[in-house]
Amino acid sequence: MDAIFEKPEYYRNREDSWISFDERVLSEARDKNLPLFERLKFLSITASNLDEFFMIRVASLKDMVHAGYTKKDIAGLSAQEQLDLILPRLHDLVNLQYSTYNRSLLPALKPWLEVVTKHEQMSREQAEYADSYFEENIYPVLTPMAMDSSRPFPLIRNKTLNIGALISKKGKKSDAEFATVQVPSVLPRLIELPASEKGKKCVILLEEVIERNIGKLFLNYDVVCAHPYRIMRNADLTIDEDEAADLLKEIQKQLKKRQWGEVIRLEVEEGINKQLLKILKKEFAIKGDDVFLINGPLDLTFLMKMYGLPGFENLKVQGYTPCPVPALMDETDIFAAIRKSDILLHHPYMTFDPVVDFVKTASKDPNVLAIKQTLYRVSGNSPIIAALAQAAENGKQVSVLVELKARFDEENNIVWAKMLEKAGCHVIYGLVGLKTHSKITLVVRREEDGIRRYVHLGTGNYNDSTAKLYTDCGLLTCSEAIGEDATAVFNMLSGYSEPKKWNKLSLAPLWLRDRFLRLIERETEHARKGGEGHIIAKMNSLCDKEIIAKLYEASQAGVKIELIVRGICCLKTGIPGISESISVRSIVGNFLEHARIFYFHNGGKPEYYMGSADWMPRNLDKRVEILFPVEKEELQKELWHILKIQLDDNVKAHVLQPDGSYEKIDKRGKTLLCAQDYFCEEARERTQKPLESGNHRVFIPEYHVEDEN
């Protein structure tokens with residue numbers, strides 16, 4: 001790498017960049033042009049994001065500090081320096097969340113929904129109802145726990161909401177003792193009260209009803225004070241795969257530890273009793289910026305439940321139903337359709353059903369000999385899992401790689417793996433030291449002219465639920481070259497050696513990094529020779545130093561580089577003489593942007609690629625990833641169209657500025673273009689599905705902090 005690109009000031013810290021991403025999501029909650037309940041949903045998403053960020057990223061930095069790890073990051077910061085940088089920003093982000101909730105959303109809700117924020121505000125009728133509800137539904141579930149000389153401080157589970165109290169014995173002047181009760185997650189957090197105005201719903205939070213009645217839990221005591229609190233623990237699993245005799249059992253063991261990791265964040269109600277706070281800080285061994293004083297209800301993810309309340313459809317966006325795939329509309333035989341030509345899938349604008357049908361049809365087709373598939377995250381009631389099990393029961397050879405290390409999906413994947421094994425599938429639990437993140441399905445079929453291999457390759461998971469919420473692309477093909485490569489992929493995953501040559505696919509961690517570097521270098525050489533150099537790359541995150549340095553080098557040579565990066569971006573734009581021809585935009589909209597698409601001009605002979613990998617060290621060096629070419633001219637035109645529409649978005653796009661901030665595009669005098677709305681309408685038009693109304697917006701997915709950890 002050229003020494004000039006080693007300067008840390010040319011790179012942004014990834015954690016700092018992530019905070020900017022959650023700020024962009026929060027900006028949607030603050031956008032008064034959005035329907036009110038959609039804004040509630042976006043605010044809930046920022047809270048969910050923040051929880052995961054603390055449990056994984058902040059926890060990881062703290063682990064580094066404890067271990068004395070001194071290596072600096074891409075921006076030249078030590079672990080402690082990163083914590084010093086991000087913790088004040090996280091406090092600012094939380095303050096902005098609650099300012100948005102208290103000053104913007106609650107007042108806007110008043111005409112539609114009465115939210116009782118404190119139990120003291122209830123009317124007599126409401127209080128009587130709440131007390132009765134407590135006696136009948138809440139009291140039997142609660143387990144109050146005290147702390148004294150015979151009872152140690154109780155174990156508090158990760159992410160649970162609790163109410164801490166100081167209590168003293170009635171009639172005695174003894175020191176107040178600590179007691180706590182967990183707010184039960186098995187009960188609805190939102191409790192509907194009798195409304196004070198006819199025709200208007202009224203709700204109160206579960207913890208407020210418990211707090212009002214907490215004296216009933218400690219009958220021989222006076223309750224001095226009671227305040228909610230919540231902790232976040234280190235949930236970053238450490239798995240020594242080399243020492244683990246059974247990976248499945250080792251992960252099951254580690255999952256139990258996740259609930260009891262080191263406390264890294266304490267949230268308490270603003271105005272909490274000082275003595276109570278002192279006890280909590282001491283018992284959780286936490287101090288300073290790791291304590292968050294909250295001006296409002298703890299854990300704003302309850303707003304997703306509020307979003308789900310019936311009767312507020314006029315305050316939500318119109319739902320979008322994915323449209324049929326044009327190439328399959330008149331075809332009943334999916335294998336015949338694939339034989340005609342490669343098929344490009346664009347979800348969720350096009351339905352995910354063909355991917356499910358591809359596996360389902362193969363499971364029942366007497367001519368199908370084998371099905372092989374990688375699974376990273378699947379839905380709770382996955383039709384693909386059911387089809388694979390059915391295929392094995394039908395006597396087909398079924399091989400499935402289930403990635404047990406898919407973060408926060410470990411338990412689900414263990415269940416699926418065991419079920420598939422019972423059905424007769426050959427299940428592989430991933431590779432030692434690597435996560436298998438590639439999305440590939442191979443169907444081997446006997447036909448009149450011999451054995452033919454059908455392949456699905458994608459940018460997203462085999463999850464029929466998230467396929468309605470995430471934007472992803474896929475390719476269905478029976479290309480002989482890709483089929484041979486697909487066979488080689490599964491032979492590698494199941495334990496065979498790597499083939500001597502590959503046809504079309506590029507794999508990480510073998511040579512995908514080098515492939516991307518060569519493609520960027522080729523554009524650089526075209527520009528240096530006076531030709532046109534042009535790169536368009538769409539991904540979730542960009543934080544690989546070597547890739548960024550190559551992009552800087554290409555920019556210096558005059559290559560036009562247009563990046564569409566939803567989340568983390570450690571590249572800086574507008575550095576004089578370094579990155580002046582690079583632009584970065586992030587689209588935060590109703591769907592979660594998840595596709596990875598890459599365009600290289602190649603001297604007028606463009607090449608298009610899609611894949612499962614972002615430009616991150618973990619994707620290029622520590623995962624099994626696949627990059628695949630899209631070579632059919634008509635499909636290349638489709639990908640160009642997708643990229644150009646996203647680059648023209650002036651409604652949901654945020655553009656990275658040289659100072660590291662993101663700004664929305666000035667729309668004055670411009671025709672508005674929201675890429676996601678455009679693709680929804682276009683999909684309807686292509687399938688001749690009429691629009692139901694003038695409101696073409698779609699519902700909002702959950703934005704994960706670090707997608708597919």
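It should be emphasised that the depicted structure is a prediction, and the values quoted were computed from it without experimental measurement.
In summary, Lys305 and Glu192 do not engage in a salt bridge, as defined by a charged side-chain N under 4.0 Å from a carboxylate O. A salt bridge links Glu267 to Arg265: one of the charged nitrogens lies within less than 4.0 Å of a carboxylate oxygen.
Side-chain atoms of Arg585 come within 3.5 Å of backbone atoms of Leu647 as a donor-acceptor pair (strictly under, hydrogens ignored). Panel note: side chain Ser382, backbone Ile385; a donor-acceptor pair is recorded below 3.5 Å. The main-chain N or O of Thr441 is found under 3.5 Å from a side-chain atom of Tyr462 such that the two form a donor-acceptor pair. Side chain of Lys201 to backbone of Pro310: a donor-acceptor contact under 3.5 angstrom is found. Counting only distance, with no hydrogens or angles, the side chain of Arg230 and the backbone of Thr160 share no donor-acceptor pair below 3.5 Å. Between the side chain of Ser586 and the backbone N or O of Gly567 there is no donor-acceptor pair closer than 3.5 Å. For Glu403 (side chain) and Thr436 (main-chain N/O), a donor-acceptor pair under 3.5 Å exists by modelled atom type. Side-chain N or O atoms of Lys316 include none that pairs as donor or acceptor with a backbone N or O of Phe312 at under 3.5 Å.
Defined by atom type and a distance below 3.5 Å, a donor-acceptor pair is missing between the side-chain atoms of Thr459 and Arg596. No side-chain donor-acceptor contact under 3.5 Å links Lys652 and Gln676. Donor-acceptor pairing under 3.5 Å is recorded for the side chains of Thr471 and Glu593. Looking at His426 and Glu421, their side chains never bring a donor and an acceptor atom within 3.5 Å of each other. Glu38 and Tyr307 form a side-chain donor-acceptor contact under 3.5 Å, judged by distance and modelled atom types alone. With 3.5 Å as the limit, one finds no donor-acceptor pair spanning the side chains of Gln390 and Ser363.
Taking 4.5 Å as the limit, every side-chain heavy atom of Leu493 sits out of range of all side-chain heavy atoms of Lys372. Counting heavy atoms from C-beta outward, Phe21 and Tyr662 have side chains that stay 4.5 Å or more apart.
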- [ ] I would like to know whether Lys340 and Glu331 meet salt bridge (Lys or Arg N to Asp or Glu O under 4.0 Å); could you show each step before the answer?
- [x] CA-CA 11 Å; Lys340 285 181 183 178; Glu331 195 60 72; 2.8 Å; yes

TODO: Before giving the answer on ring-ring contact (aromatic ring centres under 6.0 Å, His included), spell out for Tyr609 and Phe628 the whole-Å C-alpha distance, their side-chain angles and the decisive distance to 0.1 Å.
DONE: CA-CA 6 Å; Tyr609 299 89; Phe628 54 96; 9.0 Å; no

- [ ] Could you please spell out the steps behind the salt bridge (Lys or Arg N to Asp or Glu O under 4.0 Å) verdict for Asp31 and Arg39?
- [x] CA-CA 7 Å; Asp31 186 349; Arg39 295 171 62 195; over 6 Å; no

TODO: For side chain to side chain donor-acceptor pair (under 3.5 Å), just list the numbers for Asn463 and Arg377, CA-CA rounded to whole Å, side-chain angles, deciding distance to a tenth of an Å, and then say yes or no.
DONE: CA-CA 6 Å; Asn463 187 315; Arg377 300 188 196 278; over 6 Å; no

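The OG1 atom of Thr46 sits 7.0 Å away from the CG atom of Leu300 when rounded to the nearest 0.5 Å. With rounding to the nearest 0.5 angstrom, the CD1 atom of Ile587 is 11.0 Å from the CZ atom of Arg24. Rounding to the nearest 0.5 Å places CG of Asp485 at 11.0 Å from CE of Met492. Of the inter-residue distances, the one linking Leu328 atom CG with Asp357 atom CG reads 9.0 Å to the nearest 0.5 angstrom.
Partners of His346 according to the ring-ring contact (aromatic ring centres under 6.0 Å, His included) rule, which considers only residues two or more places apart in sequence or in another chain, are Tyr349, Phe679. Under the side chain to side chain contact (heavy atoms under 4.5 Å, CB included) criterion, Lys632 pairs with Asp342, Glu634, Leu635, sequence neighbours left out. Applying the ring-ring contact (aromatic ring centres under 6.0 Å, His included) rule to Tyr608 yields the partners Tyr599; only residues at least two apart in sequence or on another chain are considered.
Geometrically, Lys439 engages Tyr376 in a cation-pi contact defined by less than 6.0 Å to the ring centre and at most 45° from the axis.
Each of Val455, Leu627, Val489, Leu512 was evaluated against Leu505; a single residue qualifies, Val489, per the side chain to side chain contact (heavy atoms under 4.5 Å, CB included) test.
Within the 6.0 Å centre-distance limit, the rings of Tyr470 and His594 are counted as a close aromatic pair.
Ring orientation note: the planes of Phe352 and His347 are nearly perpendicular, at an angle over 60° on the 30°/60° scale.
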